[in-house]
2 protein chains.
Amino acid sequence: MKDVAEAAGVALKTVSRVVNGEPGVRPATAERVREAIARLGYRRNESARMLRSGRTSTIGLVIEDVADPFYSGLSRAVEDAAIRHGCLLLTGSSGEDPARERELVLAFCNRRVDGLIVVPAGDDHAYLRPELEAGVPAVFVDRPPGPGLDADTVLCDNAGGAALAVRHLLAGGHRRIAFLGDSPAIYTATERLRGYRETLGELFDERLVAMHPPTPESVRADLERMLALEDPPTALFTGNGRITVTVLRAMCGRWLPLVGFDDFELADLLSPGVTVVAQDPVGMGRMAADLLFRRIAGDRGPAEHVRLPVRLVVRGSVAR
Amino acid sequence: MKDVAEAAGVALKTVSRVVNGEPGVRPATAERVREAIARLGYRRNESARMLRSGRTSTIGLVIEDVADPFYSGLSRAVEDAAIRHGCLLLTGSSGEDPARERELVLAFCNRRVDGLIVVPAGDDHAYLRPELEAGVPAVFVDRPPGPGLDADTVLCDNAGGAALAVRHLLAGGHRRIAFLGDSPAIYTATERLRGYRETLGELFDERLVAMHPPTPESVRADLERMLALEDPPTALFTGNGRITVTVLRAMCGRWLPLVGFDDFELADLLSPGVTVVAQDPVGMGRMAADLLFRRIAGDRGPAEHVRLPVRLVVRGSVAR
DNA sequence: GGCCCGGCGGACAACGTTGTCAGCGGTCCG
DNA sequence: CGGACCGCTGACAACGTTGTCCGCCGGGCC
């Protein structure tokens, strides 16, 4: 900027004014400055600007894995909102590792992001308290933060969705409904288990429940074990998109009526189509971003807790 | 940092040394400093650090759409490499809009990213020349930059992959093979058309080619038009994952032997399974990131042009 | 016992920007 | 005709960090 000022024969501050479109510069001078900028290929240094102004026009997003369609949809929605507010997006995948989540969040804080959107991997967010108190707005999506942190959250109706799924299967005449869920360490997994369990009531049977991170082997083993019971399941409820797909693959050939939590591309093209409880990742991302930008704009109201509805999408997979 | 220094009763620079693990601080002093840091909840301001050091430990990634599985896989691979090098990732989706691509890239440059990975949307990258000359390393992925820019590129063998697909269909006895591709403005689309055309030789028939951004309506119309020909196609070659899926949906019920460019999740679970030319988005992302970090580390060798192989994954969709 | 050396700590400038305030003409009004 | 005001421009400090350089102090050696 100093060079531009010299080239245009004006003071540093005048260049700054032109660059920022501030008033008080004669058109002829401004033109001369702009010409010098173009000639020298000058670009404003945002680091310095941030340092001075305190705003980075950047928000941080921590998700579980960008490559997972659920999170990449959410991610895109957040990005769109960021662009609308003139912000850029720093993205990081925690891979369900609380330590990694913490590192990412703190790295974002070091860069003084204007706000954070976090899909928490762990359930201890004490490390975030100083940041929140320092005024960094944060919104938690898909899962609530650890205890003792009263921050904005955007969740979906996990238990209600599970209830929808189970009731649909019950209505189909099933009494032995297995649940294959993700690790109980994951909030959404236990919530969905809760909805499943409460809806089943006394039909609940612990032997029909399996919960851990899905691998083809573990899912296959779970299915084998359950199908070998003297009173095997006649239908399946799968706890997230990845598990649904893994189950579909593990079943190759055999078929059990199935409802999956979370919609996925091509669910409708499989035969039979897969009935799912559809969440709205894009809606969640948009909602979280809206909330965050309201906070960034200065909204200091009490923490908001949004719970988005889910809906049952009936396809062929439960026909008797 | 000044506050920490005061609280610990030492000089500013001593705090800086402790924070950066530099030698020359007595353990007792260092401990006092660390205690003060913890007590005050101090976090280093990266903006100031960048300003001073010139390195941001951040790289920028411009892709077409994070929500597209191809790009989200690539994205994840780049992120993993970035983390390995202690960098964070700024991500932006251009949505095939050259103006948006330009804005994103320039916004990244303003933030002084250490390097850029770009899936170009446009074919005029003159705007990037000053940045490249200023020493910002850039790697282009999936598509080459516009003419006159000699930068590192990581592409896949588009024409070769198309040839694989067409030869597979020819071997299946087909002579009337239609090609449904994306807009000819997209490099990969025209390359795949070229491979298709050259492999077909005199079997090539312009009436069996349709190229534009796929919408359910346009794809349906293309299929209708082609199937109404007196000599209709007996097989399809689809130019990317999105088109393949759109075609599958548009065909509902009817069936034509099909090979798609780009693999996609569940392609194997459809019945029949969809034969595809599989690219390796993760490999492309990793390769691009490796190249970029070599440049960032100071490699000033001539531009490298990597072309990754593709492979034909035969599934059921071409059985006669 | 004095000198030199090494280990440690601190003062200061600089990175590139923006906010504050002051200066310098010219114009308008009394 | 003089003073006040306004439009434009510029000098300077400050943001928080790090690199450079200097000084202090204690110990070992001559």
Side-chain angles (χ1 to χ4, degrees), chain A residues 1-37 40-58 86 106-114 131 134-136, chain B residues 1-37 40-58 86 106-114 131 134-136:
Chain A
M1 189 176 262
K2 201 175 64 178
D3 299 340
V4 173
E6 265 172 38
V10 298
L12 210 92
K13 180 63 200 184
T14 303
V15 179
S16 171
R17 271 194 267 263
V18 172
V19 170
N20 293 299
E22 288 173 28
V25 179
R26 208 158 16 193
T29 313
E31 195 40 54
R32 221 169 56 225
V33 170
R34 265 189 288 271
E35 189 272 334
I37 287 179
L40 297 180
Y42 162 81
R43 325 226 82 242
R44 178 168 61 191
N45 183 323
E46 293 291 326
S47 294
R49 172 173 237 251
M50 290 167 197
L51 178 59
R52 178 67 198 175
S53 67
R55 286 215 24 168
T56 57
S57 295
T58 305
L106 292 182
F108 289 168
C109 288
N110 279 353
R111 280 172 174 73
R112 298 295 189 271
V113 291
D114 292 340
E131 314 301 331
V136 182
Chain B
M1 190 175 262
K2 200 175 66 178
D3 298 341
V4 174
E6 266 173 36
V10 299
L12 209 91
K13 180 62 199 185
T14 303
V15 179
S16 171
R17 271 195 267 264
V18 172
V19 169
N20 293 300
E22 288 172 29
V25 179
R26 206 156 19 192
T29 314
E31 194 40 52
R32 224 169 55 225
V33 170
R34 266 190 289 272
E35 188 272 335
I37 287 179
L40 298 180
Y42 163 81
R43 326 227 82 242
R44 178 169 60 191
N45 184 323
E46 293 290 327
S47 295
R49 171 174 239 250
M50 290 166 198
L51 178 58
R52 178 67 201 178
S53 68
R55 287 214 22 166
T56 57
S57 294
T58 305
L106 292 183
F108 290 168
C109 288
N110 278 353
R111 279 172 173 72
R112 298 294 189 271
V113 290
D114 293 338
E131 314 301 331
V136 182

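Proteins get letters first, then strands, A, B, ... in listed order; numbering begins at 1 in each. Excluded from the calculations below are hydrogen atoms, water molecules and symmetry mates; all remaining heavy atoms, backbone and side chain alike, are included.
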Distance check needed: [N] [atom2] versus [X] [atom1], whole Å only.
X	N	atom1	atom2	value
R49(B)	dT18(D)	CZ	C1'	9 Å
E22(A)	dT17(C)	CD	P	14 Å
N20(B)	dT17(D)	CG	P	10 Å
I37(B)	dG16(D)	CD1	C1'	14 Å
D3(A)	dC15(C)	CG	C1'	13 Å
R55(A)	dT18(C)	CZ	P	14 Å
N45(B)	dG16(C)	CG	P	17 Å
R112(A)	dT17(D)	CZ	C1'	11 Å

Going by the rule salt bridge (charged side-chain N to carboxylate O under 4.0 Å, His left out), which residues pair with [X] if we only count those two or more places apart in sequence or in a different chain?
X	value
R26(A)	none
R52(B)	none
E6(A)	none

Side-chain N,O (S16(A)) to OP1/OP2 (dT18(C)) below 4.0 Å =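 Checking dT18(C) against S16(A), a side-chain N or O does come within under 4.0 Å of OP1 or OP2.
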
key: R49(B) and S57(B): side chain donor to acceptor below 3.5 Å   =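 No donor-acceptor contact under 3.5 Å links the two side chains.
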
inquiry  = What I want to check is whether the side chains of R44(A) and N110(B) have a donor and an acceptor closer together than 3.5 Å.
reply    =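 On atom types as modelled, these side chains do not qualify, holding no pair under 3.5 Å.
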
request  = Quick one: closest heavy-atom pair of V25(A) and V18(A), and the distance?
outcome  =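 Scanning both residues, the minimum pair turns out to be CG1-CG2, 4.0 Å.
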
Spacing of OG1 belonging to T58(B) relative to CZ belonging to R111(A), to within rounding of 0.5 Å =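 Atom-to-atom, T58(B):OG1 and R111(A):CZ are 4.0 Å apart.
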
request  = With rounding to the nearest 0.5 Å, note down the distance linking CG in L51(B) to CD in E46(A).
outcome  =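 Separation between the atoms: 12.0 Å.
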
key: Residue list, side-chain hydrogen bond (donor to acceptor under 3.5 Å, both in side chains) with T56(B), at least two apart or on another chain   =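 Counting only residues at least two positions away or on another chain, T56(B) forms a side-chain hydrogen bond (donor to acceptor under 3.5 Å, both in side chains) with D114(B).
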
message = When the axes are fitted on five pairs at both termini, how much does the helix from dG1(C)-dC30(D) to dG30(C)-dC1(D) curve, in 10° steps?
response =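 That helix gives 60° between its end axes.
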
message = By nearest atom, which of the nucleotides dG19(C), dT17(C), dT17(D) is closest to the R44(A) side chain?
response =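 Taking heavy atoms from C-beta onward, the closest nucleotide is dT17(C).
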
Sugar-phosphate or base contact per nucleotide [nucleotides 4-14 of chain D; S, B, -; heavy atom under 4.0 Å] = ----SBBB--B

